[in-house]
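I have placed the structure first, in the form of structure tokens, so that the comments after it can refer back to it.
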Amino acid sequence: MSELITLKATARPRAGKGAARQARRDGNVPAVIYGNQETPETINLEYNELWKQVLRGHFTSTAIELDVEGKKHVVLARDVQVDPVRDTPLHVDFQRVGKDGIIRVSIPMHFINETLSPGLKRGGVLNIVRHDVEVFAPYDKIPRFFEINLEGLEIGRSIHISSVSMPEGVSPVIKSRDFTVATIAGALKGDDDSASTTTDAAAPADAKGAAPAAAGGKAAAPAAKGAAPAAAKPAAAKPAAKK
């Protein structure tokens, strides 16, 4: 489960690009808190503290308690704008958690024990249909990831969402069908078939290519025989001149 982390923030009285640039010059990251039918609030976060939490990972799937000058908000980071060159945070959008404490979040899928899958050992391929799954979860019970054990799975097996173990209170957003998360597909034979076809096609081509050459050699031989008698016959003598 993800932990509820705490970040301190200060109110930012002015909104707009100018105020955001000034916040960055002061070593802060501008942000906004919205949602839960309340008025949006513009705030500033201390850059180093925010960056530490971003580097820990799972920042957008972890509930955060924002302490804005004594007023606390339980929020979820919905969008983090980053510098295109330095990849550092420029702005953060936070969504307030509702009174019921249930939020919608994407959870990554982790696959373990690939070496214990007979299908993968035989040359099968793990075809991941969904790298993450959207779920409804209490803000204080958000899973960091879902784990799928591939042990014993043969080629042709499909892993559905119903086989994924979820904590109490966590449920997939899609409830109308038991959708597929991953499959163990057979080895692709396209490359092997095309390679063998190319080899088979190349062999007759070489044989045919050699045959005309041999035939050409035989055709040249009669020409040589025809030339030999011509060369052997002496030139006809001219009749003697009459006296």
Side-chain angles (χ1 to χ4, degrees), residues 1-111 128 130-147 164 166-174:
M1 300 294 176
S2 60
E3 301 174 356
L4 184 66
I5 62 177
T6 302
L7 285 174
K8 290 190 176 183
T10 56
R12 179 162 49 96
R14 292 187 304 112
K17 294 183 178 179
R21 292 193 188 100
Q22 182 61 47
R24 296 186 189 102
R25 284 194 291 268
D26 295 338
N28 297 318
V29 177
V32 63
I33 307 173
Y34 66 91
N36 201 27
Q37 299 179 351
E38 296 182 32
T39 304
E41 298 182 37
T42 53
I43 61 173
N44 286 333
L45 298 166
E46 205 278 321
Y47 174 84
N48 290 332
E49 291 300 319
L50 174 64
W51 187 232
K52 287 178 184 177
Q53 297 300 331
V54 172
L55 291 177
R56 288 178 59 187
H58 307 285
F59 184 70
T60 57
S61 60
T62 302
I64 301 169
E65 185 180 68
L66 285 179
D67 186 348
V68 185
E69 299 176 355
K71 184 180 179 180
K72 295 183 179 180
H73 307 266
V74 178
V75 299
L76 193 71
R78 286 303 190 187
D79 183 47
V80 181
Q81 299 177 21
V82 297
D83 185 279
V85 177
R86 295 180 294 175
D87 201 30
T88 53
L90 296 177
H91 189 278
V92 185
D93 291 348
F94 292 106
Q95 182 181 5
R96 295 185 183 94
V97 175
K99 293 180 181 180
D100 59 357
I102 303 298
I103 57 178
R104 180 172 176 166
V105 62
S106 293
I107 306 299
M109 309 298 293
H110 286 190
F111 298 87
I128 301 176
R130 293 176 181 265
H131 289 272
D132 51 66
V133 174
E134 275 197 321
V135 299
F136 292 115
Y139 74 89
D140 57 345
K141 293 183 179 180
I142 303 174
R144 287 194 175 273
F145 54 84
F146 292 133
E147 193 172 80
V164 178
M166 295 190 180
E168 183 180 356
V170 179
S171 61
V173 172
I174 301 175

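Residues take their numbers from the sequence shown, with the count starting at 1.
Applying the salt bridge (Lys or Arg N to Asp or Glu O under 4.0 Å) criterion to Glu134, with sequence neighbours excluded, gives Arg104. Under the rule for a side chain to side chain contact (heavy atoms under 4.5 Å, CB included), the partners of Ala9 that lie at least two apart in sequence or sit in another chain are Ile43, Leu45, Val68. Annotation: ring-ring contact (aromatic ring centres under 6.0 Å, His included) contacts of Phe145 (sequence neighbours excluded): His110. Applying the side chain to side chain contact (heavy atoms under 4.5 Å, CB included) test to Ile128 and every residue at least two apart in sequence or in another chain returns Phe111, Leu126, His131. Every residue two or more places apart in sequence or in another chain that forms a side chain to side chain donor-acceptor pair (under 3.5 Å) with Asp93 is listed here: His91. The side chain to side chain donor-acceptor pair (under 3.5 Å) check on Gln22 picks up Arg25, Asp26, with sequence neighbours excluded. For Gln37, the side chain to side chain contact (heavy atoms under 4.5 Å, CB included) test picks out no residue, with sequence neighbours left out. By the salt bridge (Lys or Arg N to Asp or Glu O under 4.0 Å) test, Lys52 pairs with Glu49, sequence neighbours left out. The side chain to side chain donor-acceptor pair (under 3.5 Å) check on Arg12 picks up Asn44, with sequence neighbours excluded.
Residues in residues 61-81 take part in these salt bridge (Lys or Arg N to Asp or Glu O under 4.0 Å) pairs, two or more places apart or across chains: Glu41-Lys71.
Inter-residue side-chain proximity for Arg144 and Pro108 is flagged as unmet; no heavy-atom pair is nearer than 4.5 Å.
Rounded to the nearest 0.5 angstrom, Phe59 CZ and Leu76 CG are separated by 9.0 Å. Separating the CD1 atom in Ile64 from the CD1 atom in Ile5 is a distance of 4.0 Å, to the nearest 0.5 Å.
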